[in-house]
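What you see is a predicted model; the values in this text were computed from it and never measured.
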Amino acid sequence: MPAALPDSPGLGFKPEHFREALGAPVAFYEVHAENYMGAGGAPHAMLERLRAAHALSIHGVGLSIGGAGPLDGEHLARLKRLLDRYQPESFSEHLAWSSHGAAWLNDLLPLPYTDETLATICAHIDQTQEALGRRMLLENPATYVTFAASTWAEPDFLREIARRTGCGLLLDVNNVFVSAVNHRTDPRAYLTDFPLDLVGEIHLAGHEAEALEDGPLLIDSHSRPVADPVWSLYAEVIARTGPRPTLIEWDNDVPAFAQLLSEAQRAATLLAKAPHVRAA
């Protein structure tokens, strides 16, 4: 089994930051799996050097764990080759779907929380973990709609998935805040119900806001600094869990590396204040 990620801040790796990233005081880097499914070339040359000096998290965005149809066997095989090659400390995917039959959609789409979707997702996670030979983490989504058919609250749904499959969870605090604002619910109530003891990694990111007649709509854009309310929620989470591996996600309108380091340092300051406990 691979070692765990360090309980410290990490950054999403961007090729334009390669030279700065190599020697930076960053505990770990995270990459999107689908960007490294080719056999070689510059992406792998950079990732191999980065991996030699840092812990690594690989984050999938295209497996379509929540899809109604079967998993794509070729995609899963490419994913296994990638993980076998780099032996990352962590692999994660999303509670979402992104394909239907032969059609692939460039988005992470929501799904109803029903017994039927629960069974499908658990079967897909079982298949994934068996094929990869490792435990995966499943990330809570940012959502913009809810489903009348849902019979499970999202924290309970994630807890039951983890119970049935043995997977861990990736807690995206920005996603919690975005979804809560969009659905006019309380993010703290959500986190009170969330199984924090199963969290193997935390994500922090920025979002955009659009003004609607009945209030704001937040978009999980990964294009801005982490918002102050998200930092506050994060501080409350790690006060309960103790330090956890924490990724700063910034995937669009990517700034200079120094700004990413500043965000990571803010996370490090909060982590240093967190009690060394584990959630009950």
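Ion pairing of Asp253 with Lys14 is absent here, as no side-chain N (NZ or NE/NH1/NH2) approaches a carboxylate O to less than 4.0 Å. Note on Arg81 versus Asp84: no salt bridge recorded, every NZ/NE/NH1/NH2 to OD/OE distance being 4.0 Å or above. Glu263 and Arg266 are not joined by a salt bridge, as no carboxylate oxygen comes within less than 4.0 angstrom of a charged side-chain nitrogen. Salt-bridge annotation for Arg240 and Glu236: absent, with no side-chain N of the basic residue lying under 4.0 Å from a carboxylate O of the acidic one.
Proximity of a side-chain donor or acceptor of His17 to a complementary backbone N or O of Pro255 within less than 3.5 Å is detected. Under a 3.5 Å cut-off, the side chain of Arg51 and the backbone N or O of Gln87 do form a donor-acceptor pair. For the pair Thr117 (side chain) and Pro112 (backbone), a donor-acceptor distance under 3.5 Å is present. No donor-acceptor pair under 3.5 Å is formed between the side chain of Ser262 and the backbone N or O of Ala258. In this structure, Trp231 contributes its side chain and Leu233 its backbone to no donor-acceptor pair below 3.5 Å. For the pair His124 (side chain) and Ile65 (backbone), a donor-acceptor distance under 3.5 Å is present. Not a single donor-acceptor pair under 3.5 Å links the side chain of Thr246 to the backbone N or O of Ile202. Of the possible donor and acceptor atoms, none in the side chain of Asn174 sits under 3.5 Å from a partner among the backbone N and O of Val226. Listed for the Asp156 side chain is no donor-acceptor partner under 3.5 Å among the backbone atoms of Trp152. Put simply, the side chain of Glu139 never gets that close to the backbone of Glu93: no donor and acceptor are under 3.5 Å apart.
Here Leu271 contributes atom CG and Arg244 contributes atom CZ; the two are 11.0 Å apart, rounded to the nearest 0.5 Å. Between the CG atom in Leu270 and the CG atom in Leu204 there is a gap of 9.0 Å [rounded to 0.5 Å]. Interatomic distance, OG1 of Thr143 versus CG of Leu218, reported as 11.0 Å (0.5 Å rounding). Rounded to the nearest 0.5 Å, atoms CD (Glu249) and CD (Glu30) are 6.5 Å apart.
The side chain to side chain contact (heavy atoms under 4.5 Å, CB included) check on Asn35 picks up His32, with sequence neighbours excluded.
A 6.0 Å sphere centred on CZ of Arg85 holds more than 12 heavy atoms belonging to other residues, nucleotides or ligands. More than 12 heavy atoms of other residues, nucleotides or ligands sit less than 6.0 Å from atom CZ of Arg184. Crowding of Glu116 atom CD: a count of heavy atoms from other residues, nucleotides or ligands under 6.0 Å not exceeding 12.
Between Phe13 and His54, the distance separating the two ring centers is not shorter than 6.0 angstrom.
Looking at Gln129 and Thr165, their side chains never bring a donor and an acceptor atom within 3.5 Å of each other.
Linking Ile, Leu, Val, Met, Phe, Trp and Tyr whenever their side-chain heavy atoms come within less than 4.5 Å leaves Val145 and Phe157 in two separate clusters. Under the 4.5 Å side-chain heavy-atom criterion for grouping Ile, Leu, Val, Met, Phe, Trp and Tyr, Leu138 is connected to Tyr113 within one hydrophobic cluster. By the rule that hydrophobic residues join a cluster once side-chain heavy atoms approach within less than 4.5 Å of another member, Leu171 and Leu137 end up as members of separate clusters. Using a 4.5 Å cut-off between side-chain heavy atoms of Ile, Leu, Val, Met, Phe, Trp and Tyr, with links allowed through other members, Leu170 and Phe28 fall into different hydrophobic clusters. Val254 and Tyr36 fall into different hydrophobic clusters, where Ile, Leu, Val, Met, Phe, Trp and Tyr side chains are chained together by heavy-atom contacts under 4.5 Å.
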